[in-house]
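Shown next, in structure tokens, is the structure this report addresses.
Read the numbers this way: they start at 1 and go in the same order the structure lists the ligands and their atoms.
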Amino acid sequence: MKNPFEKYYKKSKNEKLTILEEQNYLTRKEIKQITQQVGLTEEVASHMIENQITLYNLPFGIAPNFLINDKEYVIPMVTEEPSVIAAASNAAKLIKQAGGFTTFQPKRYMVGEVALQNCPNPKQAIQAIKKEANKLVELANLAYPSIVKRGGGAIELSVKELKNQEDNFIVVYLTVDTCEAMGANMLNTMLEALVVPLEELTGGQRLMAILSNFAVQSLASAKCQIPCELLAKGAITGEEVRDNIIQATNFAKMDIYRATTHNKGIMNGIDAIVIATGNDWRAIEAGCHAYASHTGQYQPMTNWTKAKNGDLVGTITLPLAVGTVGGSIGIHPGAQLAHSLLDKPSASQLAQIIACVGLGQNLAAVKALVTDGIQKGHMQLQAKSLAIAVGATGEEISQLTSALLKEKGFNQALATQILKDLRK
Ligand code: NDP
């Protein structure tokens with residue numbers, strides 16, 4: 001069967017939308033909404049934040065061809081960076097040919113902490129908290145009964161002492177099943193409810209009670225396996241591309257300069273879908289980078305290895321505590337549209353989809369780096385951005401873009417001059 005998304009990027013916006021409707025990714029009503037307005041209204045925005053003065057728009061695009069656990073997805077992505085969606089689509093198409101992504105998320109809990117200081121007897125404090133752990137979990141649940149009704153709620157509580165020469169803290173960690181929500185506010189409400197009982201039990205004082213974004217109880221993983229023949233690029237054999245992709249990861253494991261950029265490329269994709277789906281991208285950024293350093297050395301977020309049969313195998317595991325409800329998800333029409341495009345996944349499914357986007361984005365970037373170099377694929381999109389930046393409009397944009405691409409290199413002065421000549 002012909003792939004409906006073949007050369008999708010070359011189609012007009014109407015054609016693009018028609019394909020999404022024909023392929024049942026969006027309803028007629030949603031398509032109509034897109035042609036009118038999917039962004040926030042001034043009215044809603046004014047209630048979302050303090051001192052709102054206007055709206056700030058970003059492009060919303062899709063990356064098709066993501067085959068995840070045998071299901072086809074088009075990925076909603078909100079990004080200002082020209083090459084992100086092209087790269088994600090490219091990698092997804094390649095991985096689809098190889099059988100797609102497989103994913104898993106064994107559990108999905110959030111953890112929050114209450115930090116106590118000045119406990120007169122830390123050992124006794126720990127014993128007292130351990131003894132009352134079940135009661136404290138019950139108290140946390142009483143503070144947010146609706147999540148218990150939904151089948152979630154606080155599950156367990158643990159305690160430890162953290163100390164150095166100057167300081168000593170008793171830290172209580174609460175693990176909560178937040179169901180479909182990311183759960184920050186839920187956790188914070190539950191944790192606040194534990195502060196006074198904990199102070200009474202320990203004789204210590206509250207320092208703080210807050211959710212943790214180190215969401216290691218919400219790890220989501222994705223994997224793909226690609227035969228070498230799909231990796232060949234021009235004169236470079238598939239085996240060479242495979243080996244260099246593996247070497248690129250090995251290099252990133254040893255060089256923090258590279259690991260940081262390697263991971264930035266992964267977050268290009270992850271942030272774009274996290275923003276599109278109305279989730280808190282700062283929370284995801286913080287968690288992913290912290291997890292990248294959980295061994296004590298900042299590491300690449302993906303791993304590429306050689307399978308026994310010679311295929312290239314890619315894996316990613318990240319803390320992805322995203323929600324399908326709560327925060328701005330229900331308020332932002334763009335977020336609603338993104339969830340529809342993804343066929344309204346559960347929070348756990350969404351996390352797994354996001355992991356695939358990160359892995360695909362990384363494959364695209366590293367493959368480009370070890371073959372053509374990153375700039376070749378970026379040129380077209382950069383030339384277009386530059387054309388717009390120097391003031392080209394309408395037809396001028398494609399005329400100036402083509403003219404710039406014929407040059408050996410381009411910059412703002414050259415673009416301005418060519419635009420001036422075009423207008424003569
Ligand atoms: P909300 O405070 O919006 O809580 C989730 C809401 O979703 C609740 O009102 C809940 O209803 C409702 N809901 C409906 N269906 C479900 C379901 N199936 N499962 C779970 N909840 C459901 O959001 P969160 O607690 O998720 O907090 C996320 C927000 O907190 C984000 O905006 C984030 O930016 C922000 N935040 C993040 C912090 C951080 O990351 N460190 C810190 C502080 C805030 P009901 O109440 O009836 O159960």
Side-chain angles (χ1 to χ4, degrees), residues 40 44-52 56 58 78 105 107-115 137-155 171-195 206-220 267 270-292 318-336 338-340 342-352 354:
L40 283 171
V44 173
S46 70
H47 294 294
M48 283 176 76
I49 58 165
E50 202 74 7
N51 299 340
Q52 183 263 347
Y56 181 105
L58 285 172
V78 168
Q105 186 179 40
K107 57 185 173 179
R108 191 192 165 278
Y109 303 135
M110 289 302 282
V111 175
E113 57 193 340
V114 180
V137 167
E138 265 173 46
L139 271 181
N141 280 327
L142 284 174
Y144 211 106
S146 58
I147 197 63
V148 181
K149 265 199 205 138
R150 294 184 192 282
I155 293 168
V171 193
V172 172
Y173 298 96
L174 184 71
T175 305
V176 180
D177 177 353
T178 59
C179 295
E180 284 298 299
M182 181 261 205
N185 290 320
M186 270 174 206
L187 254 294
N188 292 342
T189 305
M190 289 180 164
L191 294 163
E192 297 269 353
L194 296 184
V195 168
R206 158 216 187 114
L207 179 64
M208 65 176 74
I210 181 78
L211 152 115
S212 169
N213 291 113
F214 190 52
V216 285
Q217 304 264 31
S218 293
L219 292 176
M267 299 314 290
I270 290 184
D271 282 344
I273 174 171
V274 169
I275 296 172
T277 55
N279 274 287
D280 183 335
W281 71 94
R282 290 86 54 207
I284 296 298
E285 279 278 345
C288 289
H289 290 289
Y291 190 66
L318 286 173
L320 292 169
V322 286
T324 58
V325 294
S328 68
I329 297 168
I331 301 170
H332 199 301
Q336 291 294 303
H339 286 266
S340 284
L342 292 168
D343 198 18
K344 299 202 185 328
S346 67
S348 177
Q349 286 166 336
L350 178 58
Q352 292 168 64
I354 294 171

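Applying the side-chain hydrogen bond (donor to acceptor under 3.5 Å, both in side chains) definition to pairs two or more places apart or across chains, those involving residues 279-288 are T277-N279, D280-R282, E285-H289.
Looking only at protein heavy atoms, the nearest one to atom 25 (O) of ligand 1 is N185 N, 3.0 Å. From the protein, the heavy atom lying nearest to atom 24 (P) of ligand 1 is G183 N, 3.4 Å. Of all protein heavy atoms, the one lying nearest to atom 12 (C) of ligand 1 is R150 NH2, 4.2 Å. The shortest contact between atom 36 (N) of ligand 1 and any protein heavy atom is with A184 CB, 3.4 Å. Nearest protein neighbour of atom 8 (C) of ligand 1, counting heavy atoms only, is Y144 OH, 3.7 Å. The nearest protein atom to atom 19 (N) of ligand 1, hydrogens excluded, is given as E180 N, 3.0 Å; this is a heavy-atom distance. Ranking protein heavy atoms by distance to atom 39 (C) of ligand 1, first place goes to L211 CD2, 3.4 Å. Among protein heavy atoms, atom 34 (O) of ligand 1 sits closest to D280 OD2, 2.6 Å.
Remark: ligand 1 atoms within the under-4.0 Å shell around heavy atoms of G327 are 1 (P), 3 (O), 23 (O), 32 (O). Every atom of ligand 1 is numbered from 1 in the order shown, and the set under 4.0 Å from a heavy atom of A283 is 40 (O). Atom numbering of ligand 1 starts at 1 in the shown order; those under 4.0 Å from a heavy atom of A181 are 5 (C), 19 (N), 20 (C), 21 (N), 26 (O). The distance from ligand 1 to the heavy atoms of T178 drops below 4.0 Å at these ligand atoms: 19 (N), 20 (C). Within ligand 1, the atoms closer than 4.0 Å to a non-hydrogen atom of S146 are 45 (P), 46 (O), 47 (O), 48 (O), numbered from 1 in the order shown. Near N213, meaning under 4.0 Å from one of its heavy atoms, ligand 1 places the atoms 39 (C), 40 (O), 41 (N).
Counting only N and O atoms by type, the side chains of S348 and Q352 include a donor and acceptor under 3.5 Å apart.
Under the side chain to side chain donor-acceptor pair (under 3.5 Å) criterion, D271 pairs with no residue, sequence neighbours left out.
Residues T178 and R108 are in side-chain contact: their nearest non-hydrogen atoms beyond the backbone lie under 4.5 Å apart. Using a 4.5 Å heavy-atom threshold, the side chains of L318 and I270 count as touching. The shortest side-chain heavy-atom distance between I329 and M182 does not fall under the 4.5 Å cut-off. Contact annotation: the side chain of V176 never approaches that of Y144 to less than 4.5 Å [non-hydrogen atoms, C-beta and beyond].
Using a 4.0 Å cut-off between charged nitrogen and carboxylate oxygen, E192 and R206 count as a salt-bridge pair.
At a 3.5 angstrom cut-off on N or O pairs, M186 counts as close to ligand 1.
Across the listed options N188, T189, I210, I329, N188 owns the non-hydrogen atom lying nearest to atom 43 (C) of ligand 1.
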